[in-house]
Amino acid sequence: MSHGKRLMNKPLEGVVVRLGKMMKTTTVLQNNYYYNYKYDLYVKRTKKVHLHDPNGIARMGDLIRFRQCRPISKLKHHEVVEVLWRQPTTAFLEANPEFESLSRGALVNSRNDFDLMASREEQRQMEKQLKRADKKAKDAATMAKDATTSA
């Protein structure tokens, strides 16, 4: 090749973090580790990569393999190769509770790369539920305390 960069054929991996905003496009979070000699430790760099997904095989939370390709648009320079691990759906987990340990947490613990929550909205809902449960527990404790002091 006389001009330009040579395409990198090394397969890359990442977790799907965004779907459905653009047709045939998925957004993947790609982690890259490099060694910093000055501080003598590994540093993690994360970037979002837009992928071309013509068949629409990727879903939120899936671990996929992708590779570099010719520029398809201004942002898309990669394409989906295969799905390595599929995020179980909530309907499947409700129907088969024995597979609860196969949810995303098991993969995260083995790879230590990805966040446990798929979206901020789920995190906020979990926090609200925990606050409500704490408030109910405190109310019950104060009522019990009042009942013992008055008796």
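Between I64 and L84 there is no side-chain heavy-atom pair separated by less than 4.5 Å. In this structure, F66 and V28 have side chains that are in contact, with non-hydrogen atoms separated by less than 4.5 Å. Side-chain contact check for E79 versus Q68: every heavy-atom pair is 4.5 Å or farther apart. Counting heavy atoms from C-beta on, the side chains of T25 and D53 never come closer than 4.5 Å. Looking at heavy atoms from C-beta onward, I72 lies in side-chain contact with R70 at the 4.5 angstrom threshold. Side chains of H52 and K24 form a contact here, defined as non-hydrogen atoms less than 4.5 Å apart.
To the nearest 0.5 Å, the span separating CG on L75 from OG1 on T27 amounts to 9.0 Å. We find the CD-CD distance between E13 and E82 to be 8.5 Å, quoted to the nearest 0.5 Å.
With sequence neighbours excluded, the residues satisfying side-chain hydrogen bond (donor to acceptor under 3.5 Å, both in side chains) with Y34 are R45. The side-chain hydrogen bond (donor to acceptor under 3.5 Å, both in side chains) check on R86 picks up D62, with sequence neighbours excluded.
Remark: the backbone N or O of I57 is not paired with any side-chain donor or acceptor of N55 at under 3.5 angstrom.
The hydrophobic cluster containing Y37 does not contain L41, counting ILVMFWY residues as joined when their side-chain heavy atoms lie under 4.5 angstrom apart, directly or transitively. Note on M22: it does not cluster hydrophobically with L19, by side-chain heavy-atom contacts below 4.5 Å among ILVMFWY residues. Note on Y39: it clusters hydrophobically with V43, by side-chain heavy-atom contacts below 4.5 Å among ILVMFWY residues. There is no path of hydrophobic side-chain contacts, each under 4.5 Å, that joins V81 to V49.
Scanning all heavy atoms of the two residues, the minimum distance from M60 to R18 falls at SD-N, 3.7 Å. Nearest heavy-atom pair across H78 and L51 is CB-CD2, 3.3 Å. The minimum heavy-atom distance between V16 and A58, with the atom names listed, is CG2-CB, 3.9 Å.
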* Asked: When you look at Q30 and K48, which way does the side-chain contact (heavy atoms from CB on, under 4.5 Å) test go after all the steps?
  -> CA-CA 6 Å; Q30 178 192 7; K48 287 185 180 179; over 6 Å; no

